Amino acid sequence: MTEKAKVRVRFAPSPTGYLHVGGARTALFNWLYARHEGGQFILRIEDTDQLRSTEASTRAILDAMAWLGLNWDEGPIFQAERVDIHRALVKKLIDEGKAFYCTCTQEELEDKRKRALAEGRKPKYDGSCREKQLTKGEDTVVRFRCPQFGLTVVRDLIKGNITFNNEELDDLVIERADGYPTYNFAVVVDDAEMGITHVIRGDDHVNNTPRQILLYEALGYEVPQFGHVPMILGADKARLSKRHGATSVMAYQEMGYLPEALVNYLVRLGWSHGDQEIFSMDQLIQFFSLTSVGKSAAIFNPEKLLWLNQHYIREYATDRLVENMKPFWAARGFDTSHPDYLRHVADDLRTRSKTLVDMADSGAFYFQDRVNYDPETAKKFLTTDIKDHLLAVADRLPSCGDYSKNGIEVFLREVAENRGVKLKVVAQPLRVALTGKSVSPGIDEVMITLGKDRVIDRIRQAVQYIAGS
Ligand code: GLU
């Protein structure tokens with residue numbers, strides 16, 4: 001019995017921008033596959049495009065992966081540091097007659113392309129330099145001598161077999177004039193040298209795969225398995241772009257999403273496990289398989305993401321919720337130095353918040369000593385006739401012995417009864433006095449969190465406001 005080769009997968013972003021949600025989903029699928037199989041997940045930064053790659057982008061990608069909790073077992077490996085290996089293998093192919101130097105200029109190639117199109121032919125490199133036995137010059141590129149007959153079959157774990165006619169494939173450039181390898185060449189060398197067993201990536205690469213398979217064969221490498229994941233589209237079925245809303249992973253963090261919500265959302269874009277919608281990380285690792293990845297494109301649905309976010313905000317452990325909230329509170333200048341108070345605030349607000357931004361904004365009153373009244377609400381509820389009701393609450397509050405949810409309800413009922421009015425006649429103005437708004441967490445919760453002293457102080461502010469209005 002042969003032992004099954006250990007799964008080794010990789011995520012190989014080009015550092016030319018932020019981590020896009022599509023890239024994050026590719027990373028997630030690779031990560032889950034590795035974890036499910038007990039394999040290795042490798043992070044490789046494909047930075048051989050000297051003009052477009054930036055360090056800031058690399059940082060942004062690493063930050064986003066860390067935020068999502070996608071840890072890697074090896075890397076980050078920087079492709080640009082491996083160019084000597086790539087160049088040596090380009091040279092090997094040239095020596096073996098499997099690659100050749102080409103001096104065709106961009107203009108010449110463009111002219112030929114246009115002519116082909118005008119004559120109704122599919123544009124393709126015409127092999128001008130194939131047999132010229134050129135040597136390296138200043139502007140020479142290296143092309144792979146692509147077999148011009150036969151078929152190449154991509155045996156895709158998600159899409160099934162896809163057959164390509166080699167005749168359709170170009171003698172692709174494998175080394176640019178600046179001496180750097182092109183994507184198709186470097187990716188093959190690195191995947192092979194790093195022992196990658198499964199290449200899982202977006203299906204925008206599916207047309208590259210036959211070329212890559214031919215390169216694997218030319219270089220004498222074993223061909224890995226491939227799985228091409230369908231694209232993510234917007235509601236209008238166009239490829240997901242900024243037009244459809246935020247596409248950067250970290251933009252979701254800034255908008256107050258929890259990483260678990262985004263992970264849970266992304267995994268369902270293309271993968272399913274029965275009808276289940278909510279998964280813990282452990283469940284995802286347990287259930288994930290490439291065979292349950294669908295063949296068709298997934299539609300990005302911001303409403304569903306928001307729904308999941310709400311779910312996770314509701315279910316999060318209080319301390320973690322507070323930790324995640326802290327930057328949002330701090331950014332608004334709120335005092336975050338009283339852990340107990342923060343826990344109470346978070347618990348009061350969690351069931352009524354869709355995002356952490358929501359939670360920070362709607363709960364601002366917890367942190368502001370001067371209550372900011374919503375003008376319409378104040379006009380309606382902070383009126384002369386209720387002033388004495390509020391004062392009665394303030395006067396009697398110090399002697400309220402049972403300051404629990406239940407106890408507060410009993411206390412407020414008693415005050416109302418004593419004043420000869422219904423509970424809501426006291427409770428609604430009290431809510432406005434404490435929060436400045438007509439909608440807030442339960443009045444009892446707010447009172448417990450604020451504590452008696454703050455409640456009394458806020459009632460005095462409201463009474464002053466009434467006197468002055
Ligand atoms: N650097 C390529 C990209 O970001 C990697 C594609 C692949 O996974 O092969 O699109």
Side-chain angles (χ1 to χ4, degrees), residues 7-34 39-62 64-65 70 72 74-83 86 144 152 154-159 162 164 172-174 176 180-216 219 221 223-232 239-241 247-249 266 270 290 293:
V7 162
R8 285 174 64 83
V9 293
R10 56 30 167 214
F11 178 51
S14 305
T16 55
Y18 53 72
L19 182 61
H20 187 277
V21 288
R25 187 196 50 171
T26 301
L28 175 62
F29 281 11
N30 276 285
W31 185 89
L32 285 173
Y33 191 61
Q40 305 276 300
F41 175 62
I42 293 140
L43 178 63
R44 185 174 69 231
I45 304 292
E46 299 207 320
D47 56 350
T48 49
D49 185 337
Q50 297 286 293
L51 288 177
R52 298 178 59 224
S53 303
T54 67
E55 258 177 54
S57 164
T58 300
R59 238 326 359 115
I61 293 168
L62 301 188
M65 303 253 315
L70 304 180
W72 47 92
E74 287 173 31
I77 297 164
F78 292 89
Q79 194 164 54
E81 289 173 8
R82 300 171 47 82
V83 288
H86 305 131
F144 175 55
T152 299
V154 177
R155 298 180 198 286
D156 195 277
L157 294 167
I158 296 167
K159 293 179 178 287
I162 313 168
F164 292 83
L172 78 152
V173 175
I174 57 174
R176 288 189 284 256
Y180 278 88
T182 55
Y183 155 69
N184 275 306
F185 188 75
V187 79
V188 166
V189 171
D190 287 354
D191 282 344
E193 298 282 332
M194 292 171 197
I196 300 302
T197 55
H198 297 72
V199 171
I200 304 165
R201 60 184 168 200
D203 70 1
D204 48 338
H205 282 290
V206 82
N207 288 327
N208 285 321
T209 307
R211 300 167 215 276
Q212 292 176 13
I213 290 176
L214 292 168
L215 283 169
Y216 276 99
L219 289 161
Y221 290 133
V223 180
Q225 307 239 54
F226 291 96
H228 289 92
V229 182
M231 289 286 96
I232 304 177
R239 196 173 157 171
L240 188 69
S241 73
T247 54
S248 147
V249 166
L266 290 176
L290 288 176
V293 173

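This one's a predicted model, so the numbers in the text were calculated from it and none came from an experiment. Note that ligands are numbered from 1 as they come in the structure, with each ligand's atoms numbered from 1 the same way.
In the vicinity of E46, heavy-atom distances shorter than 4.0 Å reach the ligand 1 atoms 1 (N), 2 (C), 5 (C). Atom numbering of ligand 1 starts at 1 in the shown order; those under 4.0 Å from a heavy atom of V187 are 9 (O). Residue-ligand proximity, S14 to ligand 1, at heavy-atom distances under 4.0 Å covers atoms 1 (N), 2 (C), 3 (C), 4 (O).
With salt bridges taken as basic N to acidic carboxylate O contacts below 4.0 Å, one links R239 and D204. With salt bridges taken as basic N to acidic carboxylate O contacts below 4.0 Å, none links E193 and R82.
Only side-chain heavy atoms of Y183 come within less than 4.0 Å of ligand 1; its backbone N, CA, C and O stay farther off.
At a cut-off of 3.5 Å, with distance as the only test, no side-chain donor of H198 or N30 sits close to an acceptor on the other residue. Side-chain polar atoms of D47 and Q79 form no donor-acceptor pair below 3.5 angstrom.
Taking the six-membered ring where tryptophan is involved, the planes of Y183 and H205 are tilted, since the angle between them lies from 30° to 60°.
Of all protein heavy atoms, the one lying nearest to atom 10 (O) of ligand 1 is H205 NE2, 2.8 Å. Annotation: atom 8 (O) of ligand 1 to nearest protein heavy atom, R10 NH1, 2.6 Å. In this structure, atom 5 (C) of ligand 1 lies nearest to the protein heavy atom A12 O, 3.1 Å.
Across A64 and V249, no two heavy atoms sit closer than the pair CB-CG1, 3.9 Å.
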